[in-house]
Amino acid sequence: MGLPALGYHRPVMLQEVLTAAAGRRRVVDGTLGGGGHAGGFLAQGAEVLGIDRDSAALAESRARLGSERIRYIQSSYGGPEALAAIHQFRPDFILLDLGVSSHQLDDESRGFTFRPGAVLDMRMETHGPTAADLLNSWDENQLRHLFVDYGDERRAARLAREIVRRRGRERFSTSDHLVNAIRSVLGPRSGPPDFARLFQAVRIAVNDEIGGLARTLPALREALAPGGCLAVISYHSGEDRVVKHLFREWSRSCICPPEQPVCTCRGRALGRMVSSKPIGPQPAEVATNPRARSAKLRVFRVSDAA
């Protein structure tokens with residue numbers, strides 16, 4: 001079986017992911033998207049459980065990949081239905097490709113873009129507060145933490161104050177409102193890299209992406225068959241910190257405080273990191289797909305012991 005043609009979304013680090021998944025037979029793609037990675041898993045002979053909370057992505061994957069050796073679930077990878085299905089599936093490989101797809105970024109109706117006039121939505125699903133709701137209701141301190149924690153913005157306090165001031169005159173509803181607030185604080189030389197970074201920060205907050213990741217990774221590890229692997233591709237420093245911290249902790253045989261004289265924790269490592277440093281995309285891939293430039297792939301292999 002050859003790899004399916006790619007139209008909806010170009011999968012990042014496809015070859016690196018397929019190398020990590022070589023020989024695996026029951027694979028969960030927890031962020032299915034357009035099915036680029038899942039198509040590769042199928043081509044390698046695996047049975048796949050594909051999960052995505054975006055109905056459009058699932059429809060595209062169904063059309064491209066069909067129904068042979070693949071099952072689809074509409075849910076976030078950390079949703080109760082998804083976690084129950086993953087545990088029942090008993091996978092030997094799980095992939096999370098975090099962030100949003102190129103298709104979602106390019107679809108102005110989804111509100112992820114900073115193109116002029118785009119609605120401030122940014123929700124992965126069709127329910128819950130939008131980006132506009134967040135920007136119009138969060139207090140100055142909450143907004144400051146958002147831009148510090150998720151945007152690494154040194155002028156976060158000024159930006160939060162400016163948003164509160166501007167929304168007092170006119171509620172935020174389109175990308176222009178946030179872009180203009182950013183420009184007023186960062187200056188006229190600010191541009192797309194600043195907008196992309198700060199819009200991403202708002203999107204992460206809207207979807208609780210980092211909090212959800214931290215809560216769900218342990219459950220995914222527990223669902224793996226002995227010797228199975230959990231692979232995560234992250235695009236944001238906050239996401240990568242969560243993954244790195246947990247993978248390192250799971251690799252330690254003792255997690256008791258250093259000053260504690262007697263070990264009272266699990267007393268064994270839960271597995272090991274496949275490599276101490278993250279895997280990045282090859283230059284040729286970045287040249288053809290610039291959105292891959294910030295991607296980091298980390299892989300954790302659970303112990304062979306049941």
Side-chain angles (χ1 to χ4, degrees), residues 13 16-31 37-38 41 44-51 73 75-99 149 208-280 295-306:
M13 289 195 284
E16 290 82 353
V17 169
L18 294 182
T19 297
R24 304 296 176 168
R25 289 293 173 259
R26 297 177 67 79
V27 176
V28 170
D29 188 335
T31 47
H37 291 112
F41 299 142
Q44 290 188 158
E47 182 180 350
V48 177
L49 176 62
I51 301 167
I73 296 178
S75 169
S76 66
Y77 61 80
E81 179 187 1
L83 289 176
I86 292 169
H87 276 268
Q88 185 178 24
F89 188 63
R90 197 59 170 158
D92 55 10
F93 191 88
I94 298 175
L95 171 68
L96 299 182
D97 182 5
L98 305 175
D149 296 342
D208 189 26
E209 294 174 34
I210 292 179
L213 177 67
R215 291 190 297 271
T216 305
L217 284 177
L220 296 179
R221 185 205 70 230
E222 292 170 2
L224 283 164
C229 287
L230 173 57
V232 183
I233 303 175
S234 61
Y235 302 84
H236 182 272
S237 60
E239 294 171 336
D240 185 57
R241 278 194 295 270
V242 168
V243 177
K244 177 174 65 174
H245 171 76
L246 285 175
F247 282 12
R248 284 182 175 175
E249 180 183 293
W250 298 343
S251 301
R252 294 164 54 194
S253 58
C254 177
I255 56 172
C256 294
E259 66 275 9
Q260 184 170 307
V262 179
C263 175
T264 57
C265 70
R266 60 179 180 254
R268 64 180 179 84
L270 299 175
R272 62 176 178 83
M273 294 185 291
V274 172
S275 62
S276 59
K277 294 184 178 180
I279 301 166
K296 293 181 178 180
L297 169 64
R298 295 184 186 270
V299 183
F300 181 82
R301 185 181 187 276
V302 301
S303 171
D304 290 323

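All heavy atoms count here, side chains included; hydrogens, waters and symmetry mates do not.
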Listed partners of [X] passing side-chain hydrogen bond (donor to acceptor under 3.5 Å, both in side chains), at least two apart:
{"X": "E249", "answer": "none"}
{"X": "R24", "answer": "none"}
{"X": "R221", "answer": "none"}
{"X": "D208", "answer": "R215"}

Open item on the list: Does anything in residues 253-275 form a ring pair (Phe, Tyr, Trp, His ring centres under 6.0 Å)? List the pairs, not counting sequence neighbours.
Closed with: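 The answer is none; no pair qualifies.
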Open item on the list: According to salt bridge (charged side-chain N to carboxylate O under 4.0 Å, His left out), who are the partners of K244, at least two apart in sequence or on a separate chain?
Closed with: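 Residues passing salt bridge (charged side-chain N to carboxylate O under 4.0 Å, His left out) with K244: none at all.
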TODO: Quickly, which of V28, V27, V48, I94 forms a side chain to side chain contact (heavy atoms under 4.5 Å, CB included) with F89? Name it, please.
DONE: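 With F89 as partner, V28, V27, V48, I94 yield a single side chain to side chain contact (heavy atoms under 4.5 Å, CB included), made by V28.
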Any residue meeting side-chain contact (heavy atoms from CB on, under 4.5 Å) with [X], in chain and number order, not counting sequence neighbours:
{"X": "S237", "value": "D152, R241"}
{"X": "A214", "value": "V242"}
{"X": "A85", "value": "L49, R71, I73"}

Side-chain atoms of residues 273-280: list all donor-acceptor pairs with protein atoms under 3.5 Å, sequence neighbours left out, distances to 0.1 Å.
| residue | atom | partner | partner atom | Å |
| --- | --- | --- | --- | --- |
| S275 | OG | K277 | O | 2.8 |

Open item on the list: Can you list everything that forms a ring pair (Phe, Tyr, Trp, His ring centres under 6.0 Å) with F300? Sequence neighbours excluded, please.
Closed with: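 Ring pair (Phe, Tyr, Trp, His ring centres under 6.0 Å) list for F300, sorted by chain: F247, W250.
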Task: Where at least one partner belongs to residues 76-88, residue pairs that pass side chain to side chain donor-acceptor pair (under 3.5 Å), sequence neighbours excluded - done: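 Checked against side chain to side chain donor-acceptor pair (under 3.5 Å) - neighbours excluded - no pair reaches residues 76-88.
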